[in-house]
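Both ligands and their constituent atoms are indexed starting at 1 by order of listing.
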Amino acid sequence: MPPSTDAAEFQRILRTSKHIVAIAGAGLSAASGIPTFRSGGGLWQTHDVTKLATPQAFAADPVLVWRFYHARRRAILAAAPNAAHYALAVLALPAYRAAVAPDARYTLVTQNVDSLSTRAHREVPSPILEMHGRLLDTLCTGCGHTEHTTADPLCPALGEADDATPIAIEQLPHCLRCGALLRPGVVWFDEIPHHLRAINALVEKADLCLVVGTSSTVYPAAGYAHEIAENGGTVAVFNSERTDDDDFAHFFFVGPCEETLPRVLL
Ligand code: BV8
Ligand code: ZN
């Protein structure tokens, strides 16, 4: 049976839910001007992910990887949360949930590394698990120290250079504690995502899953909604386009999530 588009029916299910998990991807931040990865001329269509988002790539060419992440840091620093981030943040408000989902607990599991959801939740208790880390964090390859920093540029060389200007590794960001090279504080491919134990426990209990703006191609995040559906939970997808693997969903709200989420949730 094709997924329903009945918002009133969805709201009836929302009202009786006990454990809500939202799984978000790059489409959640598209309206904030952050390029997605695979849709509409996304990042990975102009860059080869294996060349940039892996530990091996960083070891082979830390300058290239830092140029890529520096550009993305700039995009994030210039961005602001959009209506979709705020619609999910409202779900985190106890007073709001008392009105629409009185018995429910809610957690947002985001694959995004832009921290825009955290900024949108600023005033509310932040039930957000950033499973792929944060782009505005740096991680020391020597002592493991992690720091959240909005410094721009992170080092003079990245601020002045256009992509043609050579940068020496010594000019890249280095740890003030131990002097080792810093890397972006994100989870690369073949690295283990954060908060897996907490996420697995949430997925096990979830009776309602909102899947927002993700192509569901990156694991383990891509498997959570299926697991919740197999456990008898309800899955509602919010995506600008149908994907070829969403017939298992109970609801599908097609369109920009910055429009569909406020319309369906608020
Ligand atoms: C791991 C941080 C071992 C870096 C990222 C099983 C099968 C196959 C492969 C694997 C598997 N298990 C593991 C793998 C390997 C790999 C993987 O999944 N590969 C894929 C590509 C085949 N996974 C890993 O390596 C993971 N680690 O598995 O460790 C392990 C695991 C568990 C326990 C023990 C050991 C680590 C993956 C993390 C990689 N890091 N990001 C960085 O950002 O630079 S992934 C990257 O992709 C981002 O985080 C991004 O969020 C994520 C997923 O992409 P999406 O968010 O979905 O974005 P995309 O552009 O693809 O889609 C956007 C969607 O939005 C589209 O559908 C579009 O239609 C829609 N949209 C657009 N605009 C809007 C919209 N929708 C609504 N409104 C709009 N306005
Ligand atoms: Zn260090």
Quick check: does any side chain N or O of R134 sit under 3.5 Å from a backbone N or O of P184, one acting as donor and the other as acceptor? no
Test your reading of the structure: does G213 have an N or O sitting under 3.5 Å from an N or O of ligand 1? yes
For atom CZ of R242, is the number of surrounding heavy atoms from other residues, nucleotides or ligands below 6.0 Å larger than 12? yes
Could you tell me whether P220 and ligand 1 have an N or O pair separated by under 3.5 Å? no
Close-contact set for ligand 1 against V218 heavy atoms, below 4.0 Å: 18 (O), 37 (C), 47 (O), 52 (C), 53 (C)
Which of the numbered atoms in ligand 1 are under 4.0 angstrom from any heavy atom belonging to W188? 36 (C), 39 (C)
Under 4.0 Å from one or more heavy atoms of G25, ligand 1 contributes atoms 56 (O)
Treating H85 as the side-chain partner and N82 as the backbone partner, does any N or O pair qualify as donor plus acceptor under 3.5 Å? yes
Any idea which of F189, Y219, F253 brings a heavy atom closest to atom 26 (C) of ligand 1? Y219
Measure the NZ-OG1 distance between K18 and T16 for me, rounded to the nearest 0.5 Å. 6.5 Å
Flag, side chain of T110 to backbone of E130, donor-acceptor distance under 3.5 Å: no
Within a reach of under 6.0 Å around CD of Q11, are more than 12 heavy atoms found that belong to other residues, nucleotides or ligands? yes
Opening angle at the Zn ion (ligand 2) [SG, C143; SG, C175; to 10 degrees]: 110°
Out of L196, L135, N82, who gets a non-hydrogen atom closest to atom 32 (C) of ligand 1? L196
Under 4.0 Å to a heavy atom of D190 - the qualifying atoms of ligand 1, by number: 24 (C), 25 (O)
Working note: N112 + L135, criterion side-chain contact (heavy atoms from CB on, under 4.5 Å); need CA distance, chi angles, decisive distance, verdict. CA-CA 9 Å; N112 297 341; L135 229 166; over 6 Å; no
Using atom types as modelled and distance alone, determine if a side-chain donor or acceptor of R105 lies under 3.5 Å from a backbone N or O of H19. no
Show the numbers, then the answer: is there a side-chain contact (heavy atoms from CB on, under 4.5 Å) between I34 and I76? CA-CA 7 Å; I34 307 287; I76 287 174; 4.0 Å; yes
Quick one: does any side-chain atom of N231 pair with a main-chain N or O of G233 as donor and acceptor, under 3.5 Å? no
Please indicate whether any nitrogen or oxygen in V186 is less than 3.5 Å from any nitrogen or oxygen in ligand 1. no
For E241, take its heavy atoms, then give the atoms of ligand 1 lying under 4.0 Å from any of them. 69 (O)
Applying a heavy-atom cut-off of 4.0 Å, say which part of V113 lies close to ligand 1: side chain, backbone, both or neither. side chain
For Y69, counting its heavy atoms only, list the atoms of ligand 1 lying under 4.0 Å from any of them. 4 (C), 42 (C), 44 (O)
Show the atoms of ligand 1 that are less than 4.0 angstrom away from any heavy atom in N112. 51 (O)
Quick check: E258 and ligand 1, any N/O pair under 3.5 Å apart? yes
Restricting to N/O/S atoms, is H145 within less than 2.8 Å of the Zn ion (ligand 2) or not? no
Check contact between M131 and ligand 1, using heavy atoms of the residue and a distance below 4.0 angstrom. no
Would you mind running through ligand 1 and noting each atom that sits below 4.0 Å from a heavy atom of R72? 42 (C), 43 (O), 44 (O)
Would you call the rings of F58 and W188 parallel, tilted or perpendicular, where under 30° means parallel and over 60° means perpendicular? tilted
Could you say whether the N/O atoms of V187 and ligand 1 ever approach to under 3.5 Å? yes
V203 versus V109: any side-chain heavy-atom pair under 4.5 Å? no
A student comparing P256, S240, G255, S29 should find that the heavy atom closest to atom 72 (C) of ligand 1 comes from S240
